[in-house]
Every structure is written in C-alpha cells, then in structure tokens.
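We use all heavy atoms of the structure for the numbers below, so side chains are in, but hydrogens, waters and symmetry mates are not. Since this is a predicted model, take the numbers as computed values, not measurements.
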Amino acid sequence: LYLETTNFVRDDYKVKVGEQVDVAVELRGDPESITPVGLTELRTRVSYDETLIRPAINPQTGKIWIVTDGTQSEGWTVLKVEQTSANSLEIDMTGPTPLVNDPDMTHFFKIKFDSYLSTGKNKDALYTSNIDIYTYPVDFDNSDPIGKSDQYVVFRDIPGKVLVNQDCA
C-alpha cells in the first residue's frame with residue numbers, strides 16, 4: 001500500500017507582539033485519506049523565524065508547549081520535543097488510536113508560540129514568520145520488524161505563516 005496525504009499549517013495566523021498564538025498542524029485527506037493506514041506513531045519537524053516567534057514553555061511542565069487537547073492527538077503521548085536549532089523543533093508522538101481524516105477535526109496537534117518585537121529575517125515579507133513542516137511515520141518501539149503500510153505513507157507538507165502585529169501602542 002502506497003498512500004499520499006496532506007498535512008498543513010494555515011497561512012492566516014495573526015498575533016500581537018508579546019502575546020501567544022496556537023499554531024495547528026492539520027490533516028487533510030488530499031489526495032488520499034490517511035484513515036486506512038492506521039498510523040499511531042509520527043515525527044514532525046517544524047521550523048519558524050525565531051526573531052518573531054518562539055515555542056512557549058508550559059508553566060505546569062516546564063517543557064515546550066504542545067497542545068493535544070481538542071485535537072486528533074488527544075490521548076496521544078508526546079514522546080519528545082527537541083529544539084534542534086534556534087529555529088526548529090522535532091516532535092515525536094504516539095497514540096492508542098490511529099489518525100483519521102475527519103473534516104470536523106482537522107487539527108492533529110498545536111504548538112503554542114510566544115511573539116516578539118522584530119522585523120523578521122525575510123525582508124520581502126516583514127513581520128511574517130513562515131512555518132515549515134515535515135512529517136513522516138516512525139516505528140519508535142520497533143513493533144513493526146517486517147514493515148507494513150505505515151512505511152509507505154508520504155505526507156505532502158504545506159507550510160503556513162504567522163504575521164506578528166508590531167503595533168505596540
């Protein structure tokens with residue numbers, strides 16, 4: 001089984017300097033639904049402009065704030081969130097229930113970001129942080145020694161944007 005599906009970040013996020021924004025990684029069954037595959041283990045890499053936004057720290061856990069409540073990953077475990085560089089994260093997640101394409105619940109998970117006063121790195125799009133994503137299945141617990149359909153899932157990753165309103169008045 002070879003399956004191609006889509007995950008994406010919207011390009012219409014807006015936040016004021018000093019506030020937080022929840023950026024969702026979303027699923028869309030285009031060109032094919034992810035439902036038949038039964039994926040329960042995924043890694044997502046996320047990059048952003050760290051001069052404008054940075055992952056928020058959850059005050060209850062002291063860790064980077066990944067939101068699963070009210071998303072498809074509710075009940076899943078965040079195995080790891082690693083800041084791989086100043087502008088990127090690697091997020092490993094596993095869950096008891098497989099991902100499905102649900103038009104009423106497209107959010108896979110969310111990352112809470114803090115926003116900062118800056119023009120940003122992209123001089124052609126001031127105050128805008130691109131959010132690039134890259135998602136793929138991983139067998140974290142080595143429970144699939146012969147390789148099943150999750151080895152052949154390809155995500156078409158569509159990046160998004162966050163506009164940081166610099167109006168501090």
Side-chain angles (χ1 to χ4, degrees), residues 1-16 19-49 52-61 63-82 88-115 125 128-141 143-144 148-165:
L1 173 70
Y2 172 83
L3 184 138
E4 181 181 353
T5 194
T6 301
N7 70 333
F8 65 99
V9 174
R10 290 189 349 251
D11 64 0
D12 61 351
Y13 286 100
K14 294 179 182 162
V15 63
K16 290 183 181 179
E19 295 185 355
Q20 294 181 326
V21 59
D22 289 349
V23 174
V25 174
E26 301 188 47
L27 299 171
R28 179 171 54 216
D30 176 31
E32 300 169 285
S33 172
I34 197 171
T35 304
V37 179
L39 282 179
T40 58
E41 299 175 297
L42 285 174
R43 173 172 287 157
T44 302
R45 293 181 174 158
V46 180
S47 62
Y48 45 87
D49 181 343
L52 287 165
I53 59 173
R54 291 181 212 134
I57 301 299
N58 184 326
Q60 295 176 347
T61 66
K63 297 179 181 180
I64 292 174
W65 207 333
I66 304 298
V67 179
T68 59
D69 291 344
T71 71
Q72 283 208 26
S73 62
E74 188 164 350
W76 279 41
T77 300
V78 177
L79 298 173
K80 174 185 85 170
V81 180
E82 181 180 342
S88 64
L89 297 175
E90 185 172 272
I91 304 159
D92 291 347
M93 300 176 74
T94 184
T97 56
L99 290 176
V100 297
N101 282 114
D102 179 350
D104 296 324
M105 175 52 66
T106 61
H107 297 169
F108 172 37
F109 67 92
K110 300 175 187 176
I111 305 166
K112 190 174 289 287
F113 283 99
D114 292 324
S115 61
T128 302
S129 173
N130 290 331
I131 306 286
D132 294 309
I133 55 174
Y134 176 61
T135 301
Y136 54 96
V138 179
D139 186 17
F140 296 118
D141 60 5
S143 62
D144 187 11
K148 294 183 285 194
S149 60
D150 61 355
Q151 303 295 323
Y152 304 101
V153 175
V154 174
F155 284 88
R156 188 170 41 178
D157 303 304
I158 299 174
K161 295 179 184 173
V162 175
L163 175 66
V164 180
N165 182 341

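Residues Thr71 and Lys110 have side chains in contact (heavy-atom distance under 4.5 Å, counting atoms from C-beta outward). Residues Met93 and Leu42 form no side-chain contact, since every pair of their non-hydrogen atoms from C-beta on lies 4.5 Å or further apart. In this structure the side chain of Trp76 reaches within 4.5 angstrom of the side chain of Thr97, judged on heavy atoms. Contact annotation: the side chain of Ile111 never approaches that of Tyr48 to less than 4.5 Å [non-hydrogen atoms, C-beta and beyond]. At least one side-chain heavy atom of Pro137 sits less than 4.5 Å from a side-chain heavy atom of Leu39. A heavy-atom distance below 4.5 Å is found between the side chains of Ile158 and Arg28. Side-chain contact check for Leu27 versus Gln72: some heavy-atom pair is nearer than 4.5 Å. Put simply, the side chain of Val164 does not reach to within 4.5 Å of the side chain of Asp49, judged on heavy atoms.
Between the Arg10 side chain and the Glu26 main chain, no donor and acceptor come within less than 3.5 Å of each other. Within the 3.5 Å criterion, the main-chain N or O of Ser115 finds no donor-acceptor partner in the side chain of Glu19. Checked by atom type and distance alone, the side chain of Thr35 pairs as donor or acceptor with a backbone atom of Asn101 at under 3.5 Å. Checked by atom type and distance alone, the side chain of Asn58 pairs as donor or acceptor with a backbone atom of Gln60 at under 3.5 Å.
With values rounded to the nearest 0.5 angstrom, Tyr134 atom OH is found 11.0 Å from Phe155 atom CZ. To the nearest 0.5 Å, the span separating CG on Asp157 from CD1 on Ile133 amounts to 5.0 Å.
Shown here for Asp92 and Arg43, the closest heavy-atom pair between the two residues is OD1-NE, 2.6 Å.
Judged by distance alone, the side chains of Thr94 and Thr40 never bring a donor and an acceptor atom under 3.5 Å apart.
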